[in-house]
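Basis for what follows: all heavy atoms, side chains included, without hydrogens, waters or symmetry-related copies. Letters A, B, ... are given to chains in the order of the sequence lines, protein chains preceding strands, and every chain is numbered from 1.
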There are 2 protein chains.
Amino acid sequence: MQYFARTPQDMGHAIRQMRKARGMTQRQLAVRSGLWQETISKIETSQSRATLDTLFDLCAALDLELVLTERSKVSAAAFEDLF
Amino acid sequence: MQYFARTPQDMGHAIRQMRKARGMTQRQLAVRSGLWQETISKIETSQSRATLDTLFDLCAALDLELVLTERSKVSAAAFEDLF
DNA sequence: GGCTTTTATGATGCGTGGATCATGTTCCCT
DNA sequence: AGGGAACATGATCCACGCATCATAAAAGCC
């Protein structure tokens with residue numbers, strides 16, 4: 001699974017999908033990441049925007065990699081993924 | 001070009017590399033992103049941690065995509081990139 | 001329908017990010 | 001070496017993220 005994020009909404013949505021894909025509750029993710037269930041709820045629904053620190057905490061807890069790549073290349077790569 | 005980021009240091013470094021790859025100065029990037037040269041300097045040197053908002057502003061200005069993907073898959077993909 | 005678990009929301013307080021201005025350093029170029 | 005551009009730093013101020021607690025709403029299950 002793989003998500004592109006260009007807005008806090010995208011990011012919240014991606015986090016939620018990844019969490020669910022792992023069968024975790026917000027509380028379990030909170031414990032694993034050292035954050036709070038309430039904080040995660042607000043990030044997933046993009047009621048709050050998160051800092052890099054918390055984002056990295058979440059990535060670590062979800063075993064996610066954060067990749068920065070050129071947008072031009074992404075469209076090509078995403079296209080390839082269809083086949 | 002493509003960078004993996006797991007820490008604010010990684011992120012600052014990646015931003016700087018991407019900016020230089022585009023031949024932009026901090027001031028130019030500041031204008032393009034609606035941020036301030038001072039803020040960008042502090043993010044690149046990870047003296048400040050940035051929020052999701054500013055990260056997305058920078059990505060947009062640098063034409064970068066932010067991708068969330070599974071770590072297990074990344075190592076395989078990175079390996080493939082060598083060939 | 002009731003009970004439990006999960007998620008959302010609302011308030012408070014502290015810490016810190018980013019805007020803004022001023023100024024100090026470092027780098028380049030000739 | 002001197003001058004200008006680029007980058008770093010330091011201070012102040014306001015806004016907002018996150019911790020924390022309490023509680024409400026939703027979803028799941030019997």
Side-chain angles (χ1 to χ4, degrees), chain A residues 1-68 70-71, chain B residues 1-68 70-71:
Chain A
M1 218 182 322
Q2 179 164 286
Y3 289 93
F4 302 155
R6 295 189 178 187
T7 64
Q9 286 76 20
D10 292 344
M11 184 61 72
H13 182 251
I15 298 282
R16 171 162 292 183
Q17 295 306 311
M18 292 294 201
R19 173 175 64 77
K20 291 198 166 172
R22 282 148 184 70
M24 298 174 67
T25 68
Q26 288 183 349
R27 189 155 300 281
Q28 289 174 313
L29 177 55
V31 170
R32 233 176 129 90
S33 61
L35 300 173
W36 291 76
Q37 177 267 319
E38 294 87 336
T39 301
I40 293 173
S41 166
K42 283 164 192 166
I43 289 173
E44 287 188 353
T45 57
S46 45
Q47 287 178 268
S48 111
R49 235 123 286 167
T51 63
L52 270 192
D53 286 333
T54 61
L55 181 58
F56 286 126
D57 287 343
L58 287 172
C59 285
L62 289 168
D63 201 52
L64 294 177
E65 193 74 48
L66 207 147
V67 186
L68 276 177
E70 275 141 31
R71 288 193 178 172
Chain B
M1 215 183 322
Q2 180 163 286
Y3 289 93
F4 302 156
R6 294 188 181 190
T7 64
Q9 285 76 19
D10 291 344
M11 185 59 73
H13 184 251
I15 297 282
R16 171 162 291 183
Q17 297 304 312
M18 291 295 200
R19 174 175 64 78
K20 291 199 167 173
R22 282 149 181 70
M24 297 174 67
T25 69
Q26 288 183 347
R27 189 155 299 282
Q28 289 174 312
L29 178 55
V31 170
R32 235 177 129 90
S33 61
L35 301 173
W36 289 77
Q37 177 266 318
E38 293 87 337
T39 301
I40 292 174
S41 165
K42 284 163 191 165
I43 289 173
E44 286 188 354
T45 57
S46 45
Q47 287 179 267
S48 112
R49 240 130 293 156
T51 62
L52 269 192
D53 284 333
T54 63
L55 181 58
F56 285 125
D57 286 345
L58 286 171
C59 284
L62 288 167
D63 201 51
L64 294 178
E65 193 74 50
L66 209 147
V67 186
L68 277 176
E70 275 141 29
R71 287 194 178 171

Could you state the atom-to-atom distance from CG of Asp57(A) to P of dG17(D) in whole Å? 16 Å
Is the backbone N or O of Ala30(A) less than 3.5 Å from a side-chain atom of Ser33(A), with the two atoms forming a donor-acceptor pair by type? yes
From the candidates dC7(D), dT20(C), dT9(C), the one with an atom nearest any side-chain atom of Trp36(B) is dT20(C)
Measure CG/Leu29(B) against C1'/dA8(D) and give the value in whole Å, please. 16 Å
Separation of Met24(A) atom CE from dT7(C) atom P, in whole Å? 11 Å
Tell me: CD of Glu44(B) to P of dA6(D), nearest whole Å? 14 Å
What is the nucleic acid contact for Ser48(A), judged by heavy atoms within less than 4.0 Å: base, sugar-phosphate only, or nothing? sugar-phosphate
Arg16(B) CZ to dA6(D) P: how many Å, rounded? 14 Å
For the CZ atom on Arg16(B), are there more than 12 heavy atoms of other groups (residues, nucleotides or ligands in this structure) within a distance under 6.0 Å? yes
Which nucleotide in the list dA19(D), dA19(C), dA8(D) gets nearest to the side chain of Leu35(B)? dA19(C)
Closest nucleotide among dC21(C), dC21(D), dT7(C) to the Gln26(A) side chain: dT7(C)
Arg22(A) atom CZ, neighbour heavy-atom count above 12 within 6.0 Å: yes
Rounded distance (Å) that lies between atom P of dG10(C) and atom NZ of Lys42(A): 9 Å
At under 4.0 Å, does any side-chain N or O of Thr54(B) touch on OP1 or OP2 of dG18(C)? yes
Kindly point out which of dT20(D), dC18(D), dG17(C) is positioned nearest to the side chain of Glu38(A)? dT20(D)
Establish, with yes or no, whether the OP1 or OP2 oxygen of dT7(C) is under 4.0 angstrom from a side-chain nitrogen or oxygen of Ser41(A). no
Closest nucleotide among dT20(C), dC18(D), dG18(C) to the Thr39(A) side chain: dC18(D)
Of Arg19(B) and Asp53(B), whose nearest nucleotide on DNA chain D comes first from the 5' end? Arg19(B)
For residues Phe56(B) and Leu66(B), determine if any side-chain heavy atom of one lies less than 4.5 Å from a side-chain heavy atom of the other. yes
Determine the contact category for Gln37(A): base if any of its heavy atoms lies under 4.0 Å from a base atom, sugar-phosphate if only primed atoms, P, OP1 or OP2 are that close, otherwise nothing. base
CG of Leu52(B) versus C1' of dC18(D): gap in Å, rounded? 13 Å
Side-chain contact check for Thr25(B): nearest option of dC7(D), dG18(C), dT9(C) is dC7(D)
Below 4.0 Å: OP1/OP2 of dT4(C) and any side-chain N or O of Arg27(A): no
For the residue pair Gln37(A) and Thr25(A), establish whether any side-chain heavy-atom pair is separated by less than 4.5 Å. no
Euclidean distance, atom CD of residue Gln47(A) to atom P of dA8(C) [Å, nearest integer]: 8 Å
Would you classify Thr51(B) as touching base, sugar-phosphate or nothing, given that sugar-phosphate means primed atoms plus P, OP1 and OP2, and contacts are heavy atoms under 4.0 Å? sugar-phosphate
